[in-house]
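Comments concern the structure below.
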Amino acid sequence: MMAENNRAAGVCMQKTPRRRAVKGQRMSHEELWELLIEHQNEVFFTVKGLPFRYTIKGGELFVDRREKSITRSTILKAYDRICETPEEITGPKKLNAFGAPYIWAIFLQLKLAAAPVRNGRAGAGRKKNKTDI
């Protein structure tokens, strides 16, 4: 129970080089978008361990593994969903959004979402990659 409370408290919190989110508050949509811009071209990994990078052009996020872009509004809606019901959003499928595996991976790596706790530790149910061995 305590782990879930800690998980919920940490969701939607992110410190950036410019600003640290105040505990109990969430980032504005503008702050979120700026954070995504700062981290473009970094390597992220999907839940299945697939590496990807993204770039942002205008109001669209382009993932190097996809042809179509993910719109800013889709990402912001996913962020709102995580902030409103963090206990219900336990993985990309729960986001119910186009590009969910990529959005989820970015949110996890930037600590905007928390990995579900399984068997007493976060991410315990994750499949192992060849590099994990």
Side-chain angles (χ1 to χ4, degrees):
M1 182 73 157
M2 183 183 262
E4 284 196 56
N5 288 339
N6 290 340
R7 175 181 172 258
V11 170
C12 303
M13 297 293 105
Q14 174 63 35
K15 57 184 177 180
T16 67
R18 286 186 239 140
R19 179 185 182 283
R20 180 178 285 193
V22 178
K23 197 167 191 170
Q25 292 182 345
R26 62 190 257 186
M27 297 174 83
S28 71
H29 286 170
E30 196 57 41
E31 289 170 324
L32 172 62
W33 197 250
E34 286 297 318
L35 180 67
L36 294 174
I37 289 170
E38 290 173 14
H39 289 276
Q40 63 184 331
N41 293 314
E42 291 180 13
V43 177
F44 291 84
F45 294 90
T46 64
V47 173
K48 293 185 178 184
L50 301 172
F52 70 93
R53 296 174 190 263
Y54 70 84
T55 56
I56 293 178
K57 296 176 188 165
E60 297 178 288
L61 184 142
F62 292 87
V63 175
D64 63 2
R65 298 185 70 88
R66 283 194 157 247
E67 295 283 326
K68 293 184 177 182
S69 66
I70 303 169
T71 64
R72 178 179 174 150
S73 65
T74 298
I75 293 166
L76 298 179
K77 285 178 188 176
Y79 177 70
D80 289 342
R81 195 170 290 132
I82 287 172
C83 290
E84 291 164 8
T85 57
E87 65 284 344
E88 292 178 18
I89 309 300
T90 57
K93 287 183 182 179
K94 299 283 185 167
L95 285 176
N96 195 26
F98 177 79
Y102 303 105
I103 296 170
W104 181 253
I106 292 167
F107 285 0
L108 281 180
Q109 194 162 325
L110 297 180
K111 302 204 184 321
L112 298 170
V117 177
R118 295 184 185 131
N119 300 329
R121 58 185 215 270
R126 181 176 73 83
K127 290 182 182 178
K128 291 193 188 251
N129 295 327
K130 290 179 182 177
T131 57
D132 290 341
I133 300 173

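Heavy-atom basis, side chains included; hydrogens, waters and symmetry copies ignored.
Contact detail for Ile82 and Ala113: the closest heavy-atom pair is CD1-CB, 4.0 Å. In terms of heavy atoms, Phe44 sits closest to His39 at CE1-O, 3.8 Å. Closest approach of Leu95 and Ala100 over heavy atoms only: CD1-O, 4.0 Å.
One distance of note links CD of Glu84 with OH of Tyr79; it measures 10.5 Å at 0.5 Å rounding. With values rounded to the nearest 0.5 angstrom, Ile103 atom CD1 is found 8.0 Å from Leu61 atom CG.
Every residue two or more places apart in sequence or in another chain that forms a salt bridge (charged side-chain N to carboxylate O under 4.0 Å, His left out) with Arg72 is listed here: Glu30. Remark: Lys93 pairs with no residue by the side chain to side chain contact (heavy atoms under 4.5 Å, CB included) rule, at least two apart or across chains. The side chain to side chain donor-acceptor pair (under 3.5 Å) check on Thr46 picks up nothing, with sequence neighbours excluded.
Sorted by first and then second residue, the side chain to side chain donor-acceptor pair (under 3.5 Å) pairs with a member in residues 49-67 read Glu60-Ser69; sequence neighbours excluded. Pairs passing the salt bridge (Lys or Arg N to Asp or Glu O under 4.0 Å) check and including a residue from residues 73-82, sequence neighbours excluded, read Arg26-Asp80. Residue pairs meeting the ring-ring contact (aromatic ring centres under 6.0 Å, His included) criterion with at least one partner in residues 80-103, sequence neighbours excluded, are Phe52-Tyr102.
The hydrophobic cluster containing Phe62 does not contain Leu36, counting ILVMFWY residues as joined when their side-chain heavy atoms lie under 4.5 angstrom apart, directly or transitively. With hydrophobic clusters built from ILVMFWY side chains whose heavy atoms lie under 4.5 angstrom apart, Leu112 shares a cluster with Val47. Both Ile37 and Val63 are part of a single hydrophobic cluster, where members link through side-chain heavy atoms under 4.5 Å apart.
Between Ile106 and Ile75, every side-chain heavy-atom pair lies at or beyond the 4.5 Å cut-off. Looking only at side-chain heavy atoms (C-beta outward), Trp104 and Lys94 stay at 4.5 Å or farther from each other.
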